[in-house]
Amino acid sequence: MLTPDIAADLVGEALRIVTVLVAVLIAPGLIVGLIVSLFQAATQINEQTLSFLPRLLATLAAITLLGHWISSYVMDFCISVFERAATLVG
């Protein structure tokens, strides 16, 4: 039987997984954006593509390098949810 405690645990675990995955994808873009903004402040070059393109490439590289890990992480969560659902029903 699905109780509020079990439902809260599932939602909490789902939010934790989303937080980890978003942090993994956002962190490289954040670091590259900080480096580019320091470079722009030092050289006073205010080109919009100079700030956007490196962040985009860093995010795409993170997706490319960590895509397998991300998909296995989400699949493990999905399998655990289905296993829990099978035990809760009967």
Side-chain angles (χ1 to χ4, degrees):
M1 168 98 40
L2 183 64
T3 63
D5 293 334
I6 295 172
D9 288 341
L10 284 173
V11 170
E13 188 175 350
L15 288 175
R16 184 183 58 83
I17 287 173
V18 167
T19 303
V20 167
L21 295 180
V22 167
V24 164
L25 293 178
I26 295 295
L30 180 67
I31 292 169
V32 169
L34 180 65
I35 292 169
V36 168
S37 66
L38 289 174
F39 174 75
Q40 283 182 326
T43 60
Q44 295 187 1
I45 299 174
N46 291 325
E47 181 64 33
Q48 291 294 343
T49 55
L50 182 62
S51 64
F52 176 71
L53 189 60
R55 286 185 292 152
L56 175 66
L57 293 176
T59 304
L60 290 176
I63 291 171
T64 303
L65 294 174
L66 298 172
H68 180 69
W69 176 78
I70 289 171
S71 63
S72 66
Y73 200 66
V74 172
M75 288 298 285
D76 289 341
F77 174 69
C78 185
I79 290 169
S80 72
V81 166
F82 283 125
E83 287 172 351
R84 288 182 198 167
T87 60
L88 291 175
V89 170

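Because only heavy atoms are used, hydrogens play no part in the values below, and waters and symmetry mates are left out as well, while side chains stay in.
The line from OG1 of Thr43 to CG of Leu50 is 7.5 Å long, rounded to the nearest 0.5 Å. For the atom pair CG of Leu34 and CG of Leu38, the computed distance is 4.5 Å after rounding to the nearest 0.5 Å. Here the CD1 atom belonging to Ile35 is positioned 12.5 Å from the CZ atom belonging to Arg55, to the nearest 0.5 angstrom. Atom CZ in Arg16 sits 9.0 Å away from atom CZ in Phe77 (nearest 0.5 Å). The CD1 atom of Ile63 sits 5.5 Å away from atom CG of Leu60, with the distance rounded to the nearest 0.5 Å. Taking OG of Ser37 as the start and CD of Gln40 as the end, the distance is 7.0 Å to the nearest 0.5 Å.
Listed here is the closest heavy atom pair of Gly29 and Thr59: CA-OG1, 4.2 Å. For the residue pair Ala62 and Pro28, the shortest heavy atom distance occurs at CB-CG, 3.7 Å. Of all heavy-atom pairs spanning Ser51 and Val36, the tightest one is CA-CG1, 3.8 Å.
The cluster map of Ile, Leu, Val, Met, Phe, Trp and Tyr, joined by side-chain heavy atoms under 4.5 Å apart, puts Val20 and Ile26 in different clusters. Note on Ile31 and Leu66: separate hydrophobic clusters, where clusters join Ile, Leu, Val, Met, Phe, Trp and Tyr whose side-chain heavy atoms are under 4.5 Å apart, directly or indirectly. Residues Val74 and Trp69 share a hydrophobic cluster, clusters being chains of Ile/Leu/Val/Met/Phe/Trp/Tyr side chains in contact below 4.5 Å.
Screening Val18, Ile17, Leu25 for a side-chain contact (heavy atoms from CB on, under 4.5 Å) with Leu21, the sole residue that qualifies is Ile17.
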